[in-house]
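Before any comments, here is the structure.
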2 protein chains.
Amino acid sequence: MVQSFNPTQPIYLQILQRICRQVVRGELKAGDKLPSVRDMALQAGVNPNTVQRVYTELERLEIAETRRGLGSFITENEARLKQLREDLKSEQISSFIADMEETGFSPEEILEGVRKDLFNNKGGRGV
Amino acid sequence: MVQSFNPTQPIYLQILQRICRQVVRGELKAGDKLPSVRDMALQAGVNPNTVQRVYTELERLEIAETRRGLGSFITENEARLKQLREDLKSEQISSFIADMEETGFSPEEILEGVRKDLFNNKGGRGV
DNA sequence: ACACGTGTATTAGTAACATAGTACACTATA
DNA sequence: TATAGTGTACTATGTTACTAATACACGTGT
């Protein structure tokens with residue numbers, strides 16, 4: 001059961017993103033234990049060192065805490081996890097807006113395009 | 001006058017993006033001549049071969065046409081340029097929406113977040 | 001004490017990117 | 001025809017980020 005990765009983006013970033021999303025969606029909660037680097041590496045079909053990089057990054061971001069010999073755990077700091085959600089939201093939104101505006105789209109066009117995609121085109125988006 | 005580049009993204013992609021945005025914003029029009037690879041390399045502070053890669057990619061995307069000995073020109077095909085605008089718009093929007101939804105945000109939350117960023121927080125966004 | 005599972009550190013290899021350099025082919029102009 | 005400017009192709013080199021392989025250190029349970 002090997003997971004698939006987008007070849008244009010580093011694997012470790014993709015695993016990191018997956019874990020962050022699991023946290024934000026509530027699939028991983030404060031204090032939950034993450035799989036060991038070796039287990040995660042098996043599941044993901046990558047080298048344990050690649051997973052280690054992910055866990056190191058999670059620790060740097062204060063999303064997880066690692067205990068040598070024990071494993072890595074999602075932080076118990078609920079405020080931090082709440083902040084992660086808000087950070088992800090505002091970063092994704094603001095970089096999207098910045099890109100759109102730099103490309104030359106007006107605020108009205110941006111908003112209407114988002115609304116359309118969200119509520120109108122959902123059923124007809126075959127691709 | 002050397003342009004700056006974001007170190008986490010390949011230089012050629014950034015130049016490509018800049019040119020596409022200039023087209024979409026109307027700063028470059030159908031039939032306009034692009035600087036020679038040597039001139040653009042000077043302006044951008046990069047190797048001509050890097051610019052050559054950009055122009056090759058522009059041609060592949062049918063955004064520009066190159067004539068050996070003459071230079072590279074934005075395509076005269078207005079329909080293609082219009083399509084480029086729509087493609088950029090829909091790609092940016094749909095990937096944004098996909099990311100937001102995968103992260104766990106609801107359509108309502110997404111739309112409200114975008115509206116806020118566009119219309120309410122503009123003045124107070126100090127960072 | 002030993003075995004096992006854990007994280008950690010280090011080294012090696014590789015792909016992608018970027019540069020530098022060079023030479024060729026084409027076009028326009030004097 | 002010569003010159004200057006254009007794109008094009010190719011080779012060699014260097015750098016960086018990423019990934020894998022391997023071994024070490026720590027913690028827990030028996």
Side-chain angles (χ1 to χ4, degrees), chain A residues 1-20 22-23 28 31-76, chain B residues 1-20 22-23 28 30-77:
Chain A
M1 197 180 66
V2 173
Q3 298 165 14
S4 65
F5 295 103
N6 167 13
T8 66
Q9 196 187 21
I11 289 172
Y12 83 97
L13 281 181
Q14 291 178 61
I15 299 177
L16 180 63
Q17 187 177 59
R18 283 180 192 173
I19 294 175
C20 288
Q22 284 177 307
V23 170
L28 280 173
D32 280 2
K33 183 179 185 306
L34 292 170
S36 75
V37 285
R38 289 176 181 85
D39 282 348
M40 181 67 100
L42 273 175
Q43 289 170 35
V46 301
N47 189 276
N49 213 24
T50 306
V51 176
Q52 181 189 324
R53 179 144 193 219
V54 175
Y55 285 6
T56 301
E57 190 67 13
L58 283 169
E59 189 164 30
R60 194 186 65 81
L61 294 169
E62 294 178 0
I63 297 170
E65 296 159 348
T66 75
R67 296 184 200 116
R68 199 165 193 171
L70 287 189
S72 294
F73 303 81
I74 301 296
T75 181
E76 310 244 9
Chain B
M1 196 181 63
V2 171
Q3 299 165 13
S4 66
F5 295 104
N6 166 14
T8 66
Q9 197 187 19
I11 290 173
Y12 82 96
L13 282 180
Q14 290 177 63
I15 299 177
L16 181 64
Q17 188 177 59
R18 284 182 191 172
I19 295 176
C20 288
Q22 285 179 304
V23 170
L28 281 173
D32 280 3
K33 183 178 185 307
L34 293 169
S36 75
V37 286
R38 292 174 179 92
D39 282 350
M40 180 67 100
L42 273 176
Q43 289 170 34
V46 300
N47 189 278
N49 220 15
T50 307
V51 176
Q52 181 186 326
R53 186 161 185 199
V54 175
Y55 285 7
T56 301
E57 190 67 15
L58 282 170
E59 188 163 32
R60 196 186 65 80
L61 293 169
E62 295 180 1
I63 297 169
E65 294 159 349
T66 74
R67 297 185 199 118
R68 196 164 194 173
L70 285 191
S72 293
F73 303 81
I74 300 296
T75 182
E76 310 241 9
N77 183 353

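Scope of the values below: all heavy atoms of this structure, side chains included, with no hydrogens, waters or symmetry mates. Owing to the predicted nature of the structure, the values given are computational and were not obtained by experimental measurement.
- Rounded to an integer number of Å, the gap from CG of B:Asp39 to C1' of D:dA4 is 13 Å.
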* Show your reasoning for whether side-chain contact (heavy atoms from CB on, under 4.5 Å) applies to B:Leu13 and B:Val54. => CA-CA 7 Å; B:Leu13 282 180; B:Val54 175; over 6 Å; no

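- Taking the side chain of A:Tyr12 as heavy atoms from C-beta on, and the options D:dA20, D:dG7, D:dC18, the nearest nucleotide is D:dC18.
- Residue contacts for B:Arg67: at a heavy-atom cut-off of 4.0 Å it reaches the sugar-phosphate backbone alone, with no base atom in range.
- Residue B:Asn47 contributes atom CG, which lies 17 Å from atom P of D:dA12 at whole-angstrom precision.
- The pair A:Glu62-A:Arg60 does not meet the salt-bridge criterion, since no charged nitrogen lies less than 4.0 angstrom from a carboxylate oxygen.
- When all heavy atoms of A:Ser4 and A:Arg18 are compared, the closest pair comes out as O-NH2, 2.5 Å.
- Side-chain contact check for A:Glu57 versus A:Leu61: some heavy-atom pair is nearer than 4.5 Å.
- Both B:Asn49 and B:Lys33 sit near DNA chain D, but only B:Lys33 has its closest nucleotide nearer the 5' end.
- Atom-to-atom, CG of A:Leu13 to C1' of D:dT19 comes out at 13 Å; the value is rounded to the nearest Å.
- Residues B:Gln9 and A:Ser36 each lie close to DNA chain C; by heavy-atom proximity, the contact nearer the 5' end of the strand is made by A:Ser36.
- Here the range on DNA chain C touched by chain A, meaning any atom under 4.0 Å from one of its heavy atoms, is C:dG5 to C:dT10.
- Heavy-atom distances to DNA chain D give each of A:Thr50 and B:Pro7 a nearest nucleotide, and the one nearer the 5′ end belongs to B:Pro7.
- The stretch residues 51-66 of chain A comes close to DNA chain D through A:Arg53, each having a heavy atom under 4.0 Å from the strand.
- Taking the side chain as every heavy atom from C-beta outward, B:Val46 and B:Tyr12 never approach each other to under 4.5 Å.
- Put simply, the side chain of A:Cys20 reaches to within 4.5 Å of the side chain of A:Ile63, judged on heavy atoms.
- Across A:Ile19 and A:Tyr55, no two heavy atoms sit closer than the pair CD1-CE1, 4.1 Å.
- Spacing between atom CG of B:Leu42 and atom P of D:dG7 amounts to 12 Å, rounded to whole angstrom units.
- In this structure, A:Arg38 places its CZ atom 12 Å from C1' of D:dA21, rounding to the nearest Å.
- Side-chain atoms of A:Gln14 come within 3.5 Å of backbone N or O of A:Gln9 as a donor-acceptor pair.
- The distance between atom CZ of A:Phe5 and atom C1' of D:dT19, rounded to the nearest whole Å, is 12 Å.
- Side-chain contact check for B:Asn6 versus B:Ile11: every heavy-atom pair is 4.5 Å or farther apart.
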